[in-house]
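Residue numbering restarts at 1 for every chain, and letters A, B, ... go by the order of the sequence lines.
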Protein chains: 2
Amino acid sequence: MKQLEHVKEWGGWLSRYQHASRTCHCDMTFSIYLPPQAATAAVPAVYWLSGLTCTDDNMRTKAGAQRYAAELGLALIIPDTSPRGDAVPDAVERYDLGQGAGFYVNATQAPWSEHYQMYDYITQELPALIEAECPVIAGLRSITGHSMGGHGALMCALKNPGMYRSVSAFAPICHPTLCGWGQGCFSAYLGDEQAAWQSYDATALVQAGAEPLPILIDQGTDDEFLAEQLYPQDFAQACQTRGVPLQLRMQEGYDHSYHFISSFMGEHLAFHREYLSR
Amino acid sequence: MKQLEHVKEWGGWLSRYQHASRTCHCDMTFSIYLPPQAATAAVPAVYWLSGLTCTDDNMRTKAGAQRYAAELGLALIIPDTSPRGDAVPDAVERYDLGQGAGFYVNATQAPWSEHYQMYDYITQELPALIEAECPVIAGLRSITGHSMGGHGALMCALKNPGMYRSVSAFAPICHPTLCGWGQGCFSAYLGDEQAAWQSYDATALVQAGAEPLPILIDQGTDDEFLAEQLYPQDFAQACQTRGVPLQLRMQEGYDHSYHFISSFMGEHLAFHREYLSR
């Protein structure tokens, strides 16, 4: 791991690292915030998955999360949203496919499949690396995210019982197989095979009987993408049918931005803290 | 005032406006955060002056201030750092002169003097506009800022007894007549007249007997600009000599970034809140 940045914040340290990923076959960048408590003992970790067009930078600069992580004694792990680099395929004319839009799946189709293995990267390679190299408690993790990353968090948690203690999401793309953003990425990365699509769709995973875990979702009522892309009602319906406990909070007047995220970040991290005891 | 943006955050509203400035002779942009309390009664205002290269965007997205403003019932007023536009002179090859680097002075030299009237804009035109148009209490103001804007806050407060209840600064350029950043801007905007330079220098203003007010300064010990540009020791020495009460806190390990600012923003806004009673 090569350290690119190391900045003091809230008494802890926000760092950015680059490492050669054997999963994505390129250099990957992530940020990690270690709270003051990590100076003397390992701490639980909350993973953050960002949305379309983002890198690790949005969360570390705009979400206001480090304050709460310092108060609660939580590490924040903030990966990139896709593989990167000149050798990595991209769709330069599109913001919603290719670099910045990995959708946290393992691509099976050319030209994407060589590098776009974000599902394995997020659920396997990155936690193994961090738990080996950083003062975080192995296996004690929760996961959250925004939009595409909100869906990534739900999907990773629902597919891996026991891997995360709790999951939350801000304005997640709840039913990607039915919306434009999801269909655009799934068709490119996964081809026409509908079973593969369903295996990465959070609503389909609940419908198929995924094991419940604590779930919190915040969704702004003035989110410009709510009607066309997000479909929280589908996810809520699936949870109700399957008896999965879900806290879905419709937040009056909020939009899709980090101003919305920062307003509720403290409540999400407090939610995860509850479940992150040894 | 033309509204460019209006986003809900922490139960209040963050807005961005553009208006034709009669002081700067161009369209000026600013942001304002109105806390939830402002929906029912006017609130006190804290002005934020940003540093070199910034616009209103840094403070509104990276400082985490809205949370505290909502808790404390304070409006945040966030102006730009210079006049802007194709008709406004610039030094495009420099980050530390021209657009983004107004230094909050009234320029007297060509080609700057027509538009670079930031001192009058910040202390006169903008407060008058906001107090006429927004639910803030007329005359009940404090001021703070970062780096060039930290100096701007100190200077505006020291030059205008009674205009601000309190002043604070993050890593301010304390003695601009003696450092490269200040000399570069002052020589361009003010020419060779040393009396004009002194009248805009916070340390010189204290040395000359400016009326005291509550002052809080935070300065990171690992700030990459501390030794060459900031000179807090000069300001502290002047305050001590003149009996001006100053809280100067050297913050171990912090740098010049918004990660430093966000770590102490809550304490600065709480400091101002104390003095912002009617």
Query raised in the report: Looking only at side chains, do B:Ser262 and A:Glu9 share a donor and an acceptor under 3.5 Å apart?
Result: yes
Query raised in the report: By a 4.5 Å heavy-atom criterion (distance strictly below it), what part of A:Ser257 contacts chain B: side chain, backbone, both, or neither?
Result: side chain
Rounded at 0.5 Å granularity, tell me how far [atom1] in [X] sits from [atom2] in [Y].
X       : Y        : atom1 : atom2 : answer
A:His6  : B:Asp222 : NE2   : CG    : 9.5 Å
A:Thr61 : B:Lys62  : OG1   : NZ    : 6.5 Å
A:Trp10 : B:Phe264 : CH2   : CZ    : 8.0 Å

Query raised in the report: Is there side-chain contact between A:Lys8 and B:Gln251, with at least one heavy-atom pair below 4.5 Å?
Result: no
Counting neighbours of [atom1] on [X] that are heavy atoms of other residues, nucleotides or ligands and sit closer than 6.0 Å, is the number greater than 12?
X        : atom1 : value
B:Glu252 : CD    : no
A:Gln3   : CD    : yes
A:Glu93  : CD    : yes

For the student: nearest non-hydrogen atoms of [X] and [Y], plus distance:
X        : Y        : result
B:Tyr68  : A:Arg67  : OH-NH1, 2.7 Å
A:Gly253 : B:Trp13  : O-CH2, 4.0 Å
B:Gly11  : A:Tyr254 : N-OH, 2.7 Å

